[in-house]
Amino acid sequence: MTLLTEALILGLFAMSLDLMVGYTRLVSFGHAAAYGFGAYACGWLLLHTSLPVLLAIPLAALLAGVIAIGVAWVCTQATGVSFSMLTLAFAQLLYAVAYKWTSVTGGSDGLAGIPRRDGPFGLHLFVSRNGFFYLVLIVLLGALLFCRSLVRSPFGAVLRGIRENEAKTLALGYNTRAYKITTVVLAYGFGGLAGALYAGFAGYASPELFFWLTSGQVLIMVVVGGAGTLIGPILGAAFFVVLEHQLSQVTDLWPLIFGSVFIAFVLFAPQGIWGLVGRRLQAKADAAS
């Protein structure tokens with residue numbers, strides 16, 4: 001149950017990045033900023049206020065989205081690698097703040113003992129380990145439905161236009177920067193939601209959540225699962241968690257093996273796990289017809 005809960009939380013985190021990478025081609029090297037901020041915001045609220053966990057989690061996600069407005073405004077002034085490096089700079093800035101602002105963040109010790117406080121009207125159902133798993137599952141499904149509706153809407157069509165040819169989309173009269181800022185804010189909001197769920201799940205938030213390695217791992221999940229599919233990154237996150245768990249029990253060299261698997265996906269299956277599944281299903285349908 002613990003492994004499944006972690007996989008679902010990381011699936012939400014990866015899906016939030018897919019809005020930027022898969023649909024708008026905004027490659028972020030610092031998406032851990034959203035995840036870490038959401039975790040710290042939720043942890044601080046649960047430690048220093050009387051809010052129940054079901055209110056602290058969405059409030060932390062909202063705060064992450066608000067912070068993302070400034071981040072998006074700065075980062076979207078650049079494109080390509082420059083955009084990616086700016087996102088990385090913001091994540092590393094928050095990493096430094098988490099280490100230095102000891103009175104608020106706990107410094108290198110992080111925030112420990114984060115409670116999973118229940119609330120009125122039967123909200124205690126989600127406090128237990130199994131109950132929290134179902135809470136994470138409900139949130140993930142709700143986020144997936146929202147994002148799927150978003151990318152299938154006219155707004156999503158503009159995002160795909162930006163991905164394929166931003167200059168042509170701009171020539172058609174669309175303010176592409178405004179669309180990119182909105183996408184970054186939404187991605188950070190859902191990434192912060194994943195971080196808030198992690199804080200409630202683990203009862204702990206550390207500066208490592210902001211580290212560039214976390215950003216790299218979630219980007220790998222998106223690529224392995226299949227960018228631009230929403231479901232693919234969720235599968236990529238589950239694949240990452242299960243493979244890491246199994247390999248780490250066998251050998252200390254599991255990062256080397258996992259890196260080799262990632263290289264194999266990039267070279268031989270760039271469409272990712274969901275792309276392979278779709279191609280196999282299509283082949284069976286063609287054979288049946």
Side-chain angles (χ1 to χ4, degrees), residues 1-16 31-64 67 91 94-95 97-140 142-143 188-211 213-215 217-218 221 234 237-238 240-242 244-245 248-249:
M1 188 64 73
T2 299
L3 198 65
L4 285 173
T5 306
E6 183 181 1
L8 293 181
I9 292 173
L10 289 176
L12 176 60
F13 185 30
M15 186 181 69
S16 70
H31 202 54
Y35 193 62
F37 186 88
Y40 268 94
C42 181
W44 192 92
L45 288 171
L46 290 174
L47 284 170
H48 297 93
T49 70
S50 58
L51 287 176
V53 67
L54 282 185
L55 291 181
I57 288 173
L59 183 56
L62 179 62
L63 290 173
I67 292 296
L94 290 177
Y95 176 72
V97 170
Y99 254 110
K100 299 296 183 180
W101 201 2
T102 308
S103 59
V104 175
T105 65
S108 59
D109 294 331
L111 298 179
I114 298 173
R116 205 181 290 168
R117 191 177 298 110
D118 59 6
F121 310 115
L123 298 183
H124 62 278
L125 296 175
F126 299 110
V127 173
S128 65
R129 185 186 68 167
N130 291 352
F132 197 78
F133 164 78
Y134 289 111
L135 172 63
V136 173
L137 180 61
I138 292 170
V139 171
L140 176 61
Y188 270 63
F190 283 115
L193 181 60
L197 288 170
Y198 177 81
F201 160 68
Y204 178 68
S206 74
E208 299 302 319
L209 297 177
F210 291 108
F211 199 47
L213 186 60
T214 304
S215 298
Q217 288 174 341
V218 71
M221 295 173 195
I234 298 175
F240 183 95
V241 170
V242 172
E244 178 185 1
H245 178 74
S248 61
Q249 292 182 337

*How about Leu8 and Phe133: do any of their side-chain heavy atoms sit closer than 4.5 Å?*
yes
*Minimum heavy-atom separation for Thr105 to Leu111, with atom names?*
O-CD2, 3.6 Å
_Thr5 side-chain N/O to Met1 backbone N/O, donor-acceptor pair under 3.5 Å_ = yes
*asked:* For Pro115, give me all partners under side chain to side chain contact (heavy atoms under 4.5 Å, CB included), at least two apart in sequence or on another chain.
replied: Leu46, Leu47, Arg117
Please list, one pair per line, the donor and acceptor atoms closer than 3.5 Å that link side chains of residues 190-207 to other protein atoms, with sequence neighbours excluded.
from: Tyr204; atom 1: OH; to: Asp109; atom 2: O; distance (Å): 3.1
from: Ser206; atom 1: OG; to: Glu208; atom 2: N; distance (Å): 3.4

*Given side chains that start at C-beta, do those of Leu12 and Met15 come closer than 4.5 Å, heavy atoms only?*
yes
_Is the shortest side-chain heavy-atom distance between Val136 and Leu4 below 4.5 Å?_
no
_Partner set under side-chain hydrogen bond (donor to acceptor under 3.5 Å, both in side chains) for Ser103, not counting sequence neighbours_ = Trp101
*asked:* Holding to ring-ring contact (aromatic ring centres under 6.0 Å, His included), I want the full list of residues that pass it with Phe37, two or more places apart in sequence or in another chain.
replied: none
*Which of parallel (below 30°), tilted (30 to 60°) and perpendicular (above 60°) describes Phe13 and His31?*
parallel
*Would you check if Tyr35 and Ile9 make a side-chain contact, meaning some heavy-atom pair closer than 4.5 Å?*
yes
*Qualifying residues under side-chain hydrogen bond (donor to acceptor under 3.5 Å, both in side chains), relative to Ser215, sequence neighbours excluded*: none
*asked:* How close do Ala41 and Leu63 get, counting heavy atoms only, and between which atoms?
replied: CB-CD1, 4.4 Å
*Could you tell me which non-hydrogen atom of Ser108 sits nearest to which non-hydrogen atom of Tyr99, and how far apart they are?*
CB-CE2, 3.2 Å
*Looking at Val53 and Phe132, what are the two nearest heavy atoms and their distance?*
CG2-CE1, 4.3 Å
*asked:* For Leu45, give me all partners under side chain to side chain contact (heavy atoms under 4.5 Å, CB included), at least two apart in sequence or on another chain.
replied: Thr49, Leu51, Ala56, Leu59
_Closest non-hydrogen atom pair between Arg116 and Ser128, with its separation_ = NH1-O, 3.3 Å
